[in-house]
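Here's the structure we're looking at; comments come further down.
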Amino acid sequence: MTKQTALITGITGQDGAYLARLLLDKGYRVVGLTPRRGSDTMWRLRELGVLHDIEIAYGDVTDMGSVLGILGRFTPNEIYNLAAQSFVGASWDQPTHTADVNAIGTVNVLEGIRQRLPEARFYQASTSEMFGMAQSPVQSEKTPFYPRSPYGVAKLYAHWITVNYRESFGIHASSGILFNHESPLRGIEFVTRKVTDAVARIKLGKSEQVTLGNLDAQRDWGYAADYVDAMWRMLQQPDPSDYVIATGVTTTIRDMCRLAFEHAGLDWTRHVVVDTGLFRPAEVDVLCGDASKARERLGWRPTTGLAQLLGLMVDADLRRLA
Ligand code: NDP
Ligand code: GDP
């Protein structure tokens, strides 16, 4: 049997790296569409030991010519669109760029599939940020959306254009509405990794404190390695659909800090400082997902609780800094 080929946009990101490893383990040929950058962006792929097993294709989802060229050259069977300006906080500083990559980038990939590879299966990296000011205490595929940031608004366009291409052209296009997921490979700008990096620095005597914003927000945090498995499962279904992927447990930033510092034997109240300047112009106060549909149809369930996840992250940061 010929090898299945998967194309991952955003392969140098947290999820791209874990997904590349998962697909390589399953015997796929893995191609990563990635923009040529001025500095090295391959550290995650290197850390997972997969950099030399994948193929890099330089391109940009906002550049239709490069998308069409890469689809034509590699003819992937599965396309995972993970490319994004993924940091909510930065989306107020760069709203147009965020829309270009997260919204227009997605329709570029879908249009490329429609023109060149209509049989290919497509995964869109949608997000719980689309629920924003949540219209229900627990959010499922049926909960109405109310995004609260330029990031969430752009991702909502990408979600609906995915549904639209499925309904208009019969493309096997699925949208994973993933709640926050973290790992030792999470970007340092996100609150969990900012905290675990700080815990390691404080433990090693390299720092005294960390400055955070709103500690009252609540998030449903899972482990990225579990979540990329859900992406793959969606594309193995006979029919495309939309799925919430979440743990169903929500925790405040404050309690997340306590757990991360406790893992290193530290008292968080002695090291965390709040700066209201870090509060967001509009906040997503609480997210908590209901992943029953994924459990029933995909046989997917999370394996890692928050305390265990933060332990993995703190230990990895201690190793990096030691
Ligand atoms: P990361 O920020 O770690 O990765 C984003 C990736 O997109 C990077 O490889 C980045 O490359 C790439 N990228 C950025 N701009 C472009 C572009 N114009 N063309 C091609 N590639 C580009 O995000 P995650 O891995 O955490 O998330 C993966 C996806 O899932 C994102 O779409 C994110 O919005 C979404 N998501 C993430 C959640 C989470 O909790 N992690 C929750 C829900 C959804 P470079 O580094 O070179 O900029
Ligand atoms: P998001 O859910 O995708 O925005 O993921 P983040 O990890 O960036 O933020 C999660 C929550 O943590 C949000 O409600 C932020 O307001 C809150 N938060 C509090 N302090 C910080 C901080 O210093 N950095 C970040 N990134 N978020 C913070």
Side-chain angles (χ1 to χ4, degrees), residues 8-20 32-45 57-63 66-67 70 80-91 97-98 100-102 104-106 108-109 123-130 132 148-149 151-152 154-155 158-159 175-183 185-195 198 210-224 227-228 231 245-246 251-254 256-257 272-287 289:
I8 304 174
T9 75
I11 196 166
T12 60
Q14 169 188 259
D15 292 5
Y18 282 111
L19 181 62
L33 180 158
T34 192
R36 200 179 280 283
R37 303 285 195 211
S39 56
D40 180 28
T41 54
M42 303 291 163
W43 67 273
R44 294 183 173 96
L45 295 163
Y58 287 106
D60 191 304
V61 292
T62 64
D63 177 352
S66 71
V67 172
I70 289 167
Y80 296 86
N81 186 40
L82 311 185
Q85 189 300 97
S86 72
F87 184 40
V88 171
S91 74
H97 171 71
T98 302
D100 279 344
V101 180
N102 299 10
I104 302 302
T106 303
N108 279 344
V109 178
Y123 172 83
Q124 171 56 22
S126 288
T127 164
S128 54
E129 286 292 320
M130 300 187 310
R148 292 273 281 169
S149 63
Y151 168 84
K155 281 285 188 177
H159 173 74
S175 176
I177 307 173
L178 272 53
F179 283 60
N180 297 52
H181 45 281
E182 322 292 311
S183 75
L185 302 184
R186 185 63 144 146
I188 196 90
E189 62 275 32
F190 295 90
V191 73
T192 53
R193 179 77 204 295
K194 181 173 172 181
V195 167
V210 58
T211 306
L212 300 178
N214 178 13
L215 302 184
D216 293 322
Q218 291 175 241
R219 289 292 181 274
D220 176 334
W221 281 292
Y223 180 33
Y227 284 41
V228 299
M231 299 175 186
I245 301 297
T251 308
T252 59
I253 311 301
R254 184 177 288 102
M256 181 274 292
C257 288
V272 174
V273 177
V274 171
D275 175 357
T276 53
L278 294 180
F279 282 40
R280 291 176 174 175
E283 181 60 285
V284 171
D285 293 321
V286 51
L287 292 172

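Atoms within each ligand, like the ligands themselves, are counted from 1 in listed order.
At the top of the distance list for atom 4 (O) of ligand 1, counting protein heavy atoms only, stands Gly13 CA, 3.3 Å. Annotation: atom 27 (O) of ligand 1 to nearest protein heavy atom, Asp15 OD2, 3.7 Å. Looking at atom 43 (C) of ligand 1, its nearest protein heavy atom turns out to be Leu178 O, 3.2 Å. Nearest protein heavy-atom contact of atom 44 (C) of ligand 1 is Ser126 O, 3.4 Å. Atom 1 (P) of ligand 1 has Ser86 OG, 3.6 Å as its closest protein atom, hydrogens excluded (heavy atom only). Protein heavy atom nearest atom 6 (C) of ligand 1, with residue, atom name and distance: Gly10 CA, 3.6 Å. Of the protein's heavy atoms, Lys194 NZ, 3.8 Å lies nearest to atom 22 (C) of ligand 2. Closest protein heavy atom to atom 12 (O) of ligand 2: Ile253 CD1, 3.2 Å. In terms of protein heavy-atom proximity, atom 16 (O) of ligand 2 is nearest to Glu283 OE2, 2.6 Å. Nearest to atom 22 (C) of ligand 1 among the protein's heavy atoms is Ala83 CB, 3.6 Å. In this structure, atom 5 (C) of ligand 1 lies nearest to the protein heavy atom Ala84 O, 3.7 Å. Nearest to atom 2 (O) of ligand 2 among the protein's heavy atoms is Arg219 NE, 2.8 Å. Protein heavy atom nearest atom 19 (C) of ligand 2, with residue, atom name and distance: Asn214 O, 3.3 Å.
For the pair Asp275 (side chain) and Thr211 (backbone), a donor-acceptor distance under 3.5 Å is absent.
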**Request:** Kindly determine whether Met42 and Thr34 satisfy side-chain contact (heavy atoms from CB on, under 4.5 Å), including the steps that lead there.
**Result:** CA-CA 10 Å; Met42 303 291 163; Thr34 192; 4.2 Å; yes
**Request:** Would you please test Asn81 and Thr106 for side chain to side chain donor-acceptor pair (under 3.5 Å) and show each step?
**Result:** CA-CA 7 Å; Asn81 186 40; Thr106 303; 3.2 Å; yes
**Request:** Please report the C-alpha distance between Thr127 and Tyr151 in whole Å, then the side-chain angles of each, then the deciding distance to 0.1 Å, and finally whether the side-chain contact (heavy atoms from CB on, under 4.5 Å) criterion is met.
**Result:** CA-CA 10 Å; Thr127 164; Tyr151 168 84; 3.8 Å; yes
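You'll find the side chain of Trp221 reaches within 4.5 Å of the side chain of Val191, heavy atoms only. The side-chain heavy atoms of Val67 and Thr9, taken from C-beta on, include no pair separated by under 4.5 Å. Residues Tyr80 and Val109 have side chains not in contact (no heavy-atom distance under 4.5 Å, counting atoms from C-beta outward). Residues Val61 and Asn108 fail the side-chain proximity criterion, which asks for heavy atoms closer than 4.5 Å. A heavy-atom distance below 4.5 Å is not found between the side chains of Phe179 and His181. Between Arg219 and Val284, some side-chain heavy-atom pair lies under the 4.5 Å cut-off. Using a 4.5 Å cut-off on side-chain heavy atoms (C-beta onward), Asp216 and Arg254 make contact. A heavy-atom distance below 4.5 Å is found between the side chains of His159 and Ile177.
Taking distance alone, with nitrogen or oxygen atoms compared against 3.5 Å, Thr12 approaches ligand 1 more closely than that limit. Checking only distances, Thr62 never comes within under 3.5 Å of ligand 1, N or O to N or O. By the 3.5 Å distance cut-off applied to N or O atoms, Val61 is counted among the residues near ligand 1. Residue Asn81 has no nitrogen or oxygen atom sitting less than 3.5 Å from a nitrogen or oxygen atom of ligand 1, judged on distance alone.
Which of Arg219, Arg44, Lys155 comes nearest to atom 32 (O) of ligand 1 through a heavy atom is settled by distance: it is Lys155. Within the set Thr211, Val191, Asn180, the minimum heavy-atom distance to atom 28 (C) of ligand 2 is found for Val191. Of the options Cys257, Ala90, Gly213, Ser91, the smallest heavy-atom separation from atom 20 (N) of ligand 2 is shown by Gly213. Of the candidates Arg193, Gln218, Arg186, Arg280, the one placing a heavy atom closest to atom 8 (O) of ligand 2 is Arg280. When the heavy atoms of His181, Arg37, Glu189 are ranked by distance to atom 42 (C) of ligand 1, first place goes to His181.
Between Lys194 and Glu182 there is no salt bridge, since no side-chain N of the basic residue sits under 4.0 Å from a carboxylate O of the acidic one.
Counting heavy atoms closer than 4.0 Å to ligand 2, residue Phe87 contributes side-chain atoms (C-beta onward) but none from N, CA, C or O. Within the 4.0 Å heavy-atom criterion, the part of Glu189 lying near ligand 2 is the backbone and not the side chain. Counting heavy atoms closer than 4.0 Å to ligand 2, residue Leu212 contributes atoms from both its backbone and its side chain. Using a 4.0 Å cut-off between heavy atoms, Val101 contacts ligand 1 through its side chain alone, with no backbone atom that close. For Val88, every heavy-atom contact with ligand 2 shorter than 4.0 Å involves the side chain, none the backbone. Proximity of Tyr151 to ligand 1, defined as any heavy-atom pair under 4.0 Å, is confined to the side chain (atoms from C-beta onward). With a heavy-atom cut-off of 4.0 Å, Leu287 does not touch ligand 2 at all. If you look at Arg186 next to ligand 1, the close heavy atoms, those under 4.0 Å, all belong to the side chain.
Between Lys155 and Met130 the shortest heavy-atom distance is O-SD, 3.6 Å. The heavy-atom pair separating Gly289 from Asp220 by the smallest distance is N-OD2, 2.9 Å.
Every atom of ligand 1 with a heavy atom of Thr41 under 4.0 Å away is listed here by number and element: 47 (O).
The closest approach between a heavy atom of Gly105 and any atom of ligand 1 is not below 4.0 Å. Residue contacts with ligand 1 leave out Ala224, since none of its heavy atoms falls under 4.0 Å from the ligand.
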